[in-house]
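Single-structure report; data block below.
Only heavy atoms go into these numbers, but all of them, side chains included; no hydrogens, no water, no symmetry mates.
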Amino acid sequence: VDHEHRERVGVEQRLEPRLHGALGGVGRVPTHRRGERVADHPQGRQQIRAIFADKAAHARQLWIEAIRDISTNLLAGDDPTVVHLEIAGKASALTDSDFSFLLTPDGSGDLVVTPSTRDELQGRRVPTAGTAAGLAFADRVPLRLNDFRDLGDDQLVALVLPVCEPTTVLGVLVCVAKAGRQFTETQLEMTAAFAMQAGLVLHLATAQRRMRELDVLTDRDRIARDL
């Protein structure tokens, strides 16, 4: 009779070509016969599923906390430029990216890097025609690319994500992977949802700021009439 014991589980994911990664954890799994994989044992498979579910739930919670922090700061009246950098920074940290940046339209047909976790990219211009960022901006579609070239000839792995208001696109969030790394489909989905939520928060903050400005103008008019 096999007895359960404590052992380290190293689970190498068999991923589709689009996905890549490995999962390591400590868990209580059944002892298996020589030559039998943990994943072939029913209790082993159950333990592996539980590990993946725990990690996914934790990742979702981190994304929720990130958008909550951004919402709190924006609606409290923080400088939008600072919050834009916070959006890029949190996306970079939660995807374990090499760097990230936010592109916004400048009215001339180009997108411009406003905040970036890499200072030298600040102010870099990216045309909307013929670029991945331009495609995400025009079609409101999130992209996961292994050949991102919007910053030059270097072929980079990147997530390219529209930041949207309800009716318009405010900009594009780009996360660039570390050398030798790939982004997963789950990371694409979570980061795309984060970018969309960030866009809605920016929209609400803009509406709130305009209401405050209107209140100030209304007060000035009232004071002028009283005088």
Which value, rounded to the nearest 0.5 Å, describes the distance between [X] atom [atom1] and [Y] atom [atom2]?
X      : Y      : atom1 : atom2 : value
Ser92  : Leu173 : OG    : CG    : 9.5 Å
Leu161 : Thr191 : CG    : OG1   : 6.0 Å
Leu135 : Arg140 : CG    : CZ    : 13.5 Å
Asp147 : Leu156 : CG    : CG    : 10.0 Å
Phe101 : Arg124 : CZ    : CZ    : 8.5 Å
Leu170 : Leu103 : CG    : CG    : 13.0 Å

In terms of hydrophobic clusters joined by side-chain contacts under 4.5 Å, are [X] and [Y] together?
X      : Y      : answer
Val169 : Leu102 : no
Met190 : Phe194 : yes
Ile70  : Leu202 : yes
Ile87  : Val160 : no
Leu151 : Phe137 : yes

(request) Classify the side-chain pair Arg118/Ser100 by whether it contains a donor and acceptor separated by less than 3.5 Å. (result) no
(request) Say whether Glu189 and Thr186, considering side chains only, have a donor N or O and an acceptor N or O under 3.5 Å apart. (result) no
Would you say [X]'s side chain and [Y]'s backbone share a donor-acceptor pair under 3.5 angstrom?
X      : Y      : result
Thr128 : Gly109 : yes
Asp150 : Ala132 : yes
Thr131 : Pro127 : yes
Ser116 : Gln122 : no
Arg144 : Phe183 : yes
Asp139 : Val141 : no
Gln187 : Thr184 : yes

(request) Using a strict cut-off of less than 4.0 Å between a Lys/Arg side-chain nitrogen and an Asp/Glu carboxylate oxygen, indicate whether Asp98 and Arg181 qualify as a salt bridge. (result) no
(message) Between Arg149 and Asp154, does any NZ, NE, NH1 or NH2 come within less than 4.0 Å of an OD or OE carboxylate oxygen?
(response) no
(request) Would you mind reporting whether Arg125 and Leu111 have side-chain heavy atoms less than 4.5 Å apart? (result) no
(request) Using a 4.5 Å cut-off on heavy atoms from C-beta on, say whether the side chain of Pro105 contacts that of Asp110. (result)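 Sidechains of Pro105 and Asp110: no contact.
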(message) Between Asn146 and Gln182, is the side-chain contact (heavy atoms from CB on, under 4.5 Å) condition met? List the steps.
(response) CA-CA 8 Å; Asn146 294 327; Gln182 298 284 329; 2.6 Å; yes
(message) How close do Val174 and Ala158 get, counting heavy atoms only, and between which atoms?
(response)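 Distance-wise, the nearest heavy atoms are CG1-CB, 4.3 Å.
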